[in-house]
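Just so it is clear, the values below take in all heavy atoms, side chains as well, and ignore hydrogens, waters and symmetry mates. In the text below, chain A, chain B and the rest are named by the order of the sequence lines, each starting its count at 1. From a predicted model like this one, the values you see are computed outputs, not experimental measurements.
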Amino acid sequence: MAKSSKKLTPRLRKLSVYLYIPNIIGYARVLLNCYAFGVCFSNKWLFSVLYFISFVCDAIDGWCARKFNQVSTFGAVLDMVTDRISTASLLAILSQVYRPGLVFVSLLALDIGSHWLQMYSTFLTGKTSHKDVKDSTNWLFKAYYGNRIFMGYCCVACEVLYLILFLIVDTQSESLVDVVGSSLQQGSLLSILVALSLFGWAIKQVVNVIQMKTAADVCVHYDIEKKQKP
Amino acid sequence: MANVKKTAPRLRKLSVYLYIPNIIGYVRVLLNCIAFYLCFSDKRVFSVLYFISFVCDAIDGWCARKFNQVSTFGAVLDMVTDRISTACLLVILSQVYRPGLVFVSLLALDIGSHWLQMYRKVLLSLGNMPTTLDLCCSTFLTGKTNHKDVKDSTNWLFKAYYGNRMFMGYCCVACEVLYLILFLIAGKQSESLVDVVASTVRQGSPLSFLVALSLFGWAIKQTINVIQMKTAADVCVLYDIEKKQKP
């Protein structure tokens, strides 16, 4: 009796974490993204809607996790990995439809590099999330991380900018500068949206670069501290 | 006396940034930047630079151990450079082949599995989970060698892969070689991936042989990537469960 119930419980407990509500939302996000990228060339608007819904679910599953007390490490990792892969895939698509494509390849490199380094430094300093950083000397860093709404604006701005860029491009590979320039010059609602997004995007990329330097310092500091306390 | 205390931390920090293996790491980054800048105008130079960077990857690990200059920063720099260079090459391939989404999917799998693997390493070093998984893990982030000490008992392919360093090295090199070959043999227009690979293999030339060998190692590596994601996800879940049991 005791032996069989001891065997069952770990597996059931493991299964129950995989079936947490926020994690199921996470699986839905993955499916949405797979389907979205499957149709991205044949139906741009459907792709954008699905991609945006997935982005909204990103906020929802965090809220659900706290509300239902179903916060899990697996859920946080699933969230982060889905974010990185969906942004990377969108940047890969953008590098195909715009010239020079290497601009988006560089943005992809910066996104992966900065988040990867940030994650390491989070582990090394024992903080729970890279969004909890508040002790840096850099004013932009403090402004960014000190204000969740501002941070949210910058993150959303990036995704919105990339989506808009994908939606307004024609089938042939177009010059990025020309497309952005003409959309800004229109003076339409789109222009305002693009301008707003560009601003938030720029801040986010600058923060990404600073993050890499700060995180590298944390890695170095970790080794130095470790040597001092054998 | 107080001055010595002030300057020492900054000097020590600078000295880690100037470790020989880390300088090799910076060279790798530069090589990759130049390589990708030239990739469309001069494919061969790109391939040579990319391959040299890949070789430096092995060299800097060896240097770190030989000169006793192993550092967390160096390991992270190594890993990030690897991931970004492979990602960029896959993005380039997605432009020159149809269907491009094949390479976007491989990019997703590469990032996803390595990201989860990193979490696995960290959680194992933080947590206390000897009972449910039969494995051993060496020091956190001492170069690439640590995750290769994992010997998961539940999967034979996993054991075969991680049990044999040369086989593992072959699979990793096979992926990079396959991607480089695919880039080199692609024509100017976007070509069908299946057609290009099939016609190359059918040629019966040394290239066919190389492609076949690379395909085999690549297939094994991708299968391992998928298995790694599942195993790493289990570690994330178990970490929470163990944490709840020991308040």
Side-chain angles (χ1 to χ4, degrees), chain A residues 10 13-18 33-34 37-38 40-41 71-78 80-82 84-86 88-89 91-93 95-96 100-102 104-106 108-110 112-117 119-124 126 173 212 215-224 226-227, chain B residues 9 12-17 32-33 36-37 39-40 70-77 79-81 83-85 87-88 90-92 94-95 100-101 103-105 107-109 111-112 114-116 118-119 122-123 125-126 131-132 140-141 229 232-241 243-244:
Chain A
R13 253 183 278 161
K14 209 169 78 169
L15 186 66
S16 71
V17 175
Y18 283 126
N33 274 304
C34 288
F37 283 100
C40 70
F41 288 119
V71 176
S72 61
T73 305
F74 170 68
V77 177
L78 178 63
M80 172 62 101
V81 173
T82 307
R84 297 279 66 71
I85 292 179
S86 63
S89 302
L91 286 169
I93 303 291
S95 79
Q96 289 188 31
L102 285 179
F104 295 103
V105 177
S106 309
L108 168 60
L110 180 57
I112 292 178
S114 71
H115 281 93
W116 202 284
L117 273 159
M119 200 169 43
Y120 263 120
S121 77
T122 304
F123 287 132
L124 293 177
S173 84
M212 289 181 83
D217 282 345
V218 168
C219 291
V220 172
H221 198 67
Y222 174 79
D223 280 340
I224 293 176
K226 217 169 60 168
K227 278 181 183 155
Chain B
R12 253 180 280 160
K13 207 170 79 167
L14 187 65
S15 71
V16 175
Y17 282 127
N32 274 303
C33 289
F36 281 100
Y37 186 73
C39 69
F40 287 119
V70 175
S71 62
T72 304
F73 171 67
V76 176
L77 178 63
M79 172 61 103
V80 173
T81 309
R83 296 282 64 71
I84 293 178
S85 63
C88 293
L90 285 169
V91 171
I92 304 290
S94 77
Q95 292 186 27
L101 286 178
F103 294 104
V104 176
S105 309
L107 167 60
L109 180 57
I111 293 178
H114 282 95
W115 205 282
L116 274 159
M118 179 170 51
Y119 262 92
V122 170
L123 293 178
S125 69
L126 288 177
T131 49
T132 6
F140 171 52
L141 286 182
M229 287 181 87
D234 281 346
V235 169
C236 291
V237 172
L238 284 168
Y239 173 76
D240 281 341
I241 292 175
K243 215 169 61 165
K244 278 181 184 158

Compare all side-chain heavy atoms of A:L102 with those of B:I92 and state whether any distance is below 4.5 angstrom.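 Contact flag for A:L102/B:I92 side chains = yes.
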(Q) I want to check something: taking the side chain as every heavy atom from C-beta on, are A:I112 and B:I111 in contact at a cut-off of under 4.5 Å? (A)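 Yes, at least one pair of side-chain atoms sits under 4.5 Å.
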For A:I93, is it the side chain, the backbone, both, or neither that has a heavy atom closer than 4.5 Å to a heavy atom of chain B?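 Only the side chain of A:I93 comes within 4.5 Å of chain B.
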| query | Among A:A76, A:S95, A:S86, who wins on heavy-atom pairs under 4.5 Å with chain B? | reply |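 Greatest number of close heavy-atom pairs with chain B: A:S95.
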query = Out of A:T73, A:V105, A:V71, which one racks up the most heavy-atom pairs below 4.5 Å with chain B?
reply =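 That would be A:T73.
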Aromatic centroids of A:F74 and B:Y239 separated by under 6.0 Å: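 B:Y239 vs A:F74: aromatic centres not under 6.0 Å.
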Q. So with a 6.0 Å cut-off around NE2 of B:H114, is the heavy-atom count from everything else above 12?
A.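 Yes, enclosed.
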Task: Portion of B:Y17 that has a non-hydrogen atom of chain A nearer than 4.5 angstrom - done: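 Contact with chain A is through the side chain of B:Y17 alone.
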- Query: What part of B:L77 gets closer than 4.5 Å to chain A, counting heavy atoms only: side chain, backbone, both or neither?
  - Reply: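 For B:L77, there is no contact with chain A at all, as no heavy atom is under 4.5 Å.
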Flag the one option from [options] with the top tally of heavy-atom pairs under 4.5 Å to chain A.
{"options": "B:V80, B:L109, B:L107", "value": "B:V80"}
{"options": "B:F36, B:W115, B:Y119", "value": "B:W115"}
{"options": "B:S85, B:C88, B:A233, B:G112", "value": "B:A233"}

Going by distance alone, is a donor N or O of one side chain under 3.5 Å from an acceptor N or O of the other, for B:S71 and A:D223?
->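 No donor-acceptor contact under 3.5 Å links the two side chains.
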Review point. How long is the span from the CD atom in A:Q96 to the SG atom in A:C40, to the nearest 0.5 Å?
Key: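 The CD atom of A:Q96 sits 8.0 Å away from the SG atom of A:C40.
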